[in-house]
Amino acid sequence: MTEMANKVALVTGAASGIGRASAIALAREGASVCASDINAQGGQETAQAIIDAGGEAIFVPCDVTRADDVRAMVSATVERFGRLDAAVNNAGIAGSFEQRLHEADDNLFDLVLAINLKGVWHCMKAELEQMLPAGRGAIVNIASVAGLIGAPKAAAYTASKHAVVGLTRSAALDYAKRGIRINAICPAYTDTAMVQAGIALNPALAMIMERAIPMGRLGTPAEIAQAVVWLCSDASSFVTGHPLVLDGGLVAT
Ligand code: NAP
């Protein structure tokens with residue numbers, strides 16, 4: 001419990017999956033954590049799990065599509081814990097993985113971009129406002145392998161995640177000399193509610209995903225969380241603007 005000792009971290013989308021695992025892993029390494037989500041029940045459960053394990057956490061509700069919500073979430077973190085050292089912009093949705101571009105609804109495109117891309121934009125702005133005067137900070141945006149390569153029948157999601165990788169690279173350059181590192185994580189299929197919802201709609205997806213990954217299995221949220229902790233901590237002090245791939249070999253194919 002040393003990587004994040006005396007540090008303060010926030011995680012969006014912390015009610016579930018990769019966000020919950022990241023919040024718990026950051027707390028296990030000593031961080032005080034703001035677990036934020038649009039889902040109040042799940043977010044409170046994550047914060048409570050951290051407290052029950054002897055850590056420090058608060059839950060703050062936040063819809064990342066709303067700039068006011070995001071600013072209030074960052075302010076609540078700083079009011080409670082006094083500073084912000086690390087932020088994990090993780091909240092996201094899949095939209096649909098079942099429609100080709102011409103079949104997909106414009107409203108679905110708008111929603112996917114509003115959460116996956118503009119949500120990250122809102123979060124980075126509010127987080128940077130806190131980190132710039134302090135002259136230190138680490139931001140980790142959860143993108144996807146779909147931020148680096150195409151994914152069939154998922155044009156909106158793929159566009160949103162490519163944009164998150166671009167946002168990450170550009171912002172990393174803007175703040176490289178200001179003590180703030182900004183990186184992305186690009187997971188392949190990871191066993192979370194998002195993936196299980198897709199499998200429930202189309203059971204064949206389970207085998208398709210496993211076959212696509214050279215290691216022959218899905219990732220786990222805990223495996224992604226290990227990388228989140230590393231990028232949030234000083235152990236990665238010379239890493240910025242990097243899209244870190246965790247994919248069981250998928251992008252190597
Ligand atoms: P998840 O289990 O569905 O968790 C996502 C969380 O974000 C949920 O609690 C969700 O709440 C919340 N959320 C949705 N819209 C929000 C909003 N507007 N504001 C705040 N929170 C919101 O999904 P996950 O698989 O852990 O995904 C986490 C991130 O990893 C996403 O950005 C996803 O694109 C990325 N990712 C996942 C995989 C994968 O295979 N699982 C692979 C690559 C990248 P509700 O449940 O109430 O919607």
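Note that ligands are numbered from 1 as they come in the structure, with each ligand's atoms numbered from 1 the same way.
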Would you be so kind as to tabulate the donor-acceptor pairs closer than 3.5 Å made by side chains of residues 203-223, with sequence neighbours excluded?
residue	atom	partner	partner atom	Å
Arg217	NH1	Glu223	OE1	3.1
Arg217	NH2	Glu223	OE2	2.8
Thr220	OG1	Glu223	N	3.1
Thr220	OG1	Glu223	OE1	3.4
Glu223	OE1	Thr220	N	3.0

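Residue pairs meeting the salt bridge (charged side-chain N to carboxylate O under 4.0 Å, His left out) criterion with at least one member in residues 67-93, sequence neighbours excluded, are Glu56-Arg80, Arg66-Asp69, Asp68-Arg71, Arg83-Asp85, Asp85-Arg136. A ring-ring contact (aromatic ring centres under 6.0 Å, His included) check over residues 140-172, counting only residues at least two apart or in different chains, returns the pairs Phe97-Tyr157.
Using a cutoff of 4.0 Å between basic side-chain nitrogens and carboxylate oxygens, Glu29 and Lys7 are not scored as salt-bridged.
We find the CG-CD1 distance between Asp110 and Ile115 to be 11.5 Å, quoted to the nearest 0.5 Å. Annotation: the span from Glu127 atom CD to Asn89 atom CG amounts to 4.0 Å, rounded to 0.5 Å.
Within 4.0 Å of ligand 1, counting heavy atoms only, the contacting residues are Gly13, Ala15, Ser16, Gly17, Ile18, Asp37, Ile38, Asn39, Cys62, Asp63, Val64, Asn90, Ala91, Gly92, Ile93, Ile115, Ile142, Ala143, Ser144, Tyr157, Lys161, Pro187, Ala188, Tyr189, Thr190, Thr192, Ala193, Met194, Val195.
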